[in-house]
Visitor: 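Sending over a structure as C-alpha cells; questions will come in a sec.
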Amino acid sequence: MTRRRIIAGNWKMFTDLEEAVALARGVAEATARFATDVDVVVIPPSCLIAPVVSALGESHVGVGAQNMHPEPRGAYTGELSGPMLTSVGCSYVVCGHSERRHLFGETSEFVGTKVAAAHRFGLTPILCVGETLEEREAGETEAIVGEQLRRGIDGLTKEEIAATIIAYEPVWAIGTGRTASAEQAQAVHAHLRAQLVKRAGAQVAEAVRIQYGGSVKPSNAGELLSQPDIDGALVGGASLKADSFAGIVGA
Ligand code: PEP
C-alpha cells in the first residue's frame, strides 16, 4: 500500500500574530507545487489558529492544534476543546508531544483520552511517542514506545486506528540538532507498525501513517523519508521558515 506522505510543522510558542500569518502564507506559496502528492499541515499556537486558517483561505495547507483537552466543555480554565478547535477550522491535533509529557506531566493514559476525543470530535490526532536518551541507552526504546502506543490508541475502533497519525519523536533528537539515523528511525517505525498489526491487523497497520520527528531539516529529510515505514515528518525548528519547511516537503 502507498501511504500519502504528511509533513507537519509544529510552531510551538514561537510566533506572534504577524509572524504566524506571514509564515502561513509563505508555506502555502512555497509548498503549492507539492500539494497533489503530500499533505502539508501547520500547527500554530492555539490563539493564532483562527487567523492562520483565514490567511490560508482555500489553500492546500491544513491546520492543527498543539494540544487539547478531552472534554467537550467545562470548568477547565486555560484549556481548549475539540469542538472549539473544529469551530475555527482546525483539522488535526497533536496529542502527547514529549514537551507535554515531560514539562506538563501528561501520562500515556491521559494522552489516550485525547486521541479518542479527537476522533469523537472530528479531528485527526497526531499521537507522539518517543524514548529519552536514558531509556534508549538502557535498551528500552521498543518497550517505551510500544507502551505509549498501546495506551495512546486504547479503546479505538480499527477505523479510528487507521485514521490516527503516529509521530515517532525520540526525545533526545527534539530541538537538539541530533537526528536519529535513518536506520535507527526505520527500526522503531517498523516496531510500531508490528505492534499495530498485533492490535488491529495487517490491513489497518498498513494504512497508518507514521511520521518521524526530531531535528528534521531539508538536508536529512530525503534519507529519512526514503525509509519504507517513514511516512512523513513532524518538524519543529525547521518549520519556522517557509523555505526550509518547503525543502522538507519537497524531499
Ligand atoms: C518537535 O518538537 O516535534 C520537533 C521535532 O522539534 P525539532 O524539529 O526542532 O527537533
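Below, all heavy atoms of this structure are taken into account, side chains as well, without hydrogens, waters or symmetry copies. Values in this document were obtained by computation on a predicted structure and should not be read as measured data. Order of appearance sets the numbers: ligands from 1, and atoms from 1 within every ligand.
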Visitor: Show me the side-chain donor-acceptor pairs of residues 190-198 shorter than 3.5 Å, one per line, residues at least two apart or across chains.
Guide:
unit_1: H191; atom_1: ND1; unit_2: E142; atom_2: OE1; d: 3.4
unit_1: H191; atom_1: NE2; unit_2: E142; atom_2: O; d: 3.3
unit_1: R193; atom_1: NE; unit_2: D229; atom_2: OD1; d: 2.5
unit_1: R193; atom_1: NH1; unit_2: A205; atom_2: O; d: 2.9
unit_1: R193; atom_1: NH1; unit_2: V208; atom_2: O; d: 2.7
unit_1: R193; atom_1: NH2; unit_2: D229; atom_2: O; d: 3.4
unit_1: R193; atom_1: NH2; unit_2: D231; atom_2: OD2; d: 2.8

Visitor: Report whether L48 and V94 are members of the same hydrophobic cluster (ILVMFWY, side-chain heavy atoms less than 4.5 Å apart, transitive linking).
Guide: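 Each belongs to a different hydrophobic cluster.
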
Visitor: Enumerate, atom names and distances included, each donor-acceptor pair closer than 3.5 Å involving a side-chain atom of residues 21-34, sequence neighbours excluded.
Guide:
unit_1: T31; atom_1: OG1; unit_2: V27; atom_2: O; d: 2.7
unit_1: T31; atom_1: OG1; unit_2: H60; atom_2: NE2; d: 2.7

Visitor: Any Lys/Arg nitrogen of E106 or R101 sitting under 4.0 Å from an Asp/Glu carboxylate oxygen of the other?
Guide: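 Result for this pair is no, no salt bridge flagged.
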
Visitor: Listed by chain and number, what are the side-chain contact (heavy atoms from CB on, under 4.5 Å) partners of E159, not counting sequence neighbours?
Guide: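 Applying side-chain contact (heavy atoms from CB on, under 4.5 Å) to E159 gives T157.
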
Visitor: May I ask you to say whether D39 pairs ionically with R209, meaning some side-chain N is under 4.0 Å from a carboxylate O?
Guide: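 Yes.
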
Visitor: Which protein residues have a heavy atom under 4.0 Å from ligand 1?
Guide: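 Contacts of ligand 1 under 4.0 Å: N10, K12, H97, E169, A173, I174, G175, G213, G214, S215, L234, V235, G236, G237.
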
